[in-house]
Amino acid sequence: MIQRTPSTTPGGGTRVREEKILVTVRVRPLSRREQALYDLIAWDCPDDHTILFKNPNQERPATSYKFDKVFDPSCSTLKVYEEGAKNVALSALTGINATIFAYGQTSSGKTYTMRGITENAVTDIFEHIKNTQERAFVLKVSALEIYNESVIDLLNRESRHLRLLDDPERGIIVEKLVEEVVKDINHLRHLIGICEGILQHFLYQLFCVRDNSTG
Ligand SMILES: Nc1ncnc2c1ncn2[C@@H]1O[C@H](COP(=O)(O)OP(=O)(O)OP(=O)(O)O)[C@@H](O)[C@H]1O
């Protein structure tokens, strides 16, 4: 999870950007198939910040690694969201650019976890908007897949091989990527459903633009 925290010097001096990256680990339980094959979980989670390679074959001494947060196989996706992603997701509503992504080997549980995180984040974002009546929010969503070095727009199936450009103001952008304005929570779920129906590995971008004109 990457959280970018803007900060200003007192008196309006130079704007400094401090970058904060949180790395969390989730260990998934063994599947039925793995249990039937008598597979063993090779990792222990002795506390909320440590994973320990148990080295079942006793070839090397056990090795431990520290992370910002570690979720053991018994942890629910809700807990992973609440303690590992919620703050990052909601920071987008206060004007902070935020990214949540999952990385890991095949079948490690990226899709399973990100699906739960997305569902919870969508619910919380709309709850926040509902409770912040004094402001108007505009949500826009885009979704893309990068496969074999080709960028595909999942909300525009006509598109093929979109180009990455370096925009002087916005940074790296994807040319002609559709940004769909979200009407309500069901519309957003519908858009996410379209993307999940097409492919499993993709990136969503959710833009939250606060419209201050209403107060
Ligand atoms: N925390 C979990 N609890 C129970 N089952 C899980 C958990 N995480 C993943 N699984 C199950 O493990 C299997 C693999 O998970 P998933 O498809 O999310 O992996 P992945 O990392 O996205 O894999 P790939 O990179 O191959 O797409 C799925 O059947 C999923 O339901």
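Every number for a ligand or one of its atoms is a count from 1 in the order of the listing. As the structure is a computational prediction, the values presented were derived from the model and not from experiment.
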Query raised in the report: Does the distance from a Lys or Arg side-chain N to an Asp or Glu carboxylate O, for K176 and E158, drop under 4.0 Å?
Result: no

Query raised in the report: For ligand 1, which atoms sit closer than 4.0 Å to a heavy atom of Q105?
Result: 21 (O)

Requested in this report: Could you tell me whether ligand 1 has any atom less than 4.0 Å away from a heavy atom of R115?
Outcome: no

Query raised in the report: Is the closest basic N to carboxylate O distance between E179 and R170 below 4.0 Å?
Result: yes

Requested in this report: Keeping to residues at least two apart or across chains, list the ring-ring contact (aromatic ring centres under 6.0 Å, His included) pairs with something in residues 27-63.
Outcome: W43-F53

Report task. Find all atoms of ligand 1 within a distance of less than 4.0 Å from any non-hydrogen atom belonging to R26, and give their numbers and elements. Result -> 1 (N)

Query raised in the report: Who passes side-chain hydrogen bond (donor to acceptor under 3.5 Å, both in side chains) against D153, sequence neighbours left out?
Result: none

Requested in this report: Consider ligand 1: state whether an atom of it lies below 4.0 angstrom from any non-hydrogen atom of S107.
Outcome: yes

Report task. Please verify whether a non-hydrogen atom of G104 lies at under 4.0 Å from ligand 1. Result -> no

Query raised in the report: At what distance, to the nearest 0.5 angstrom, does CD1 of I152 lie from CG of L177?
Result: 12.0 Å

**Report entry** Any N or O of T113 closer than 3.5 Å to N or O of ligand 1
**Finding:** no

Requested in this report: With side chain to side chain donor-acceptor pair (under 3.5 Å) as the test, would you mind laying out the steps for T50 and D47 before giving the verdict?
Outcome: CA-CA 6 Å; T50 314; D47 61 52; 2.8 Å; yes

Requested in this report: Look at ligand 1 and say whether M114 reaches it with a heavy atom at a distance under 4.0 Å.
Outcome: no

Query raised in the report: Going by the atom numbers of ligand 1, which of them fall below 4.0 Å from some non-hydrogen atom of P29?
Result: 1 (N), 2 (C), 3 (N), 4 (C)

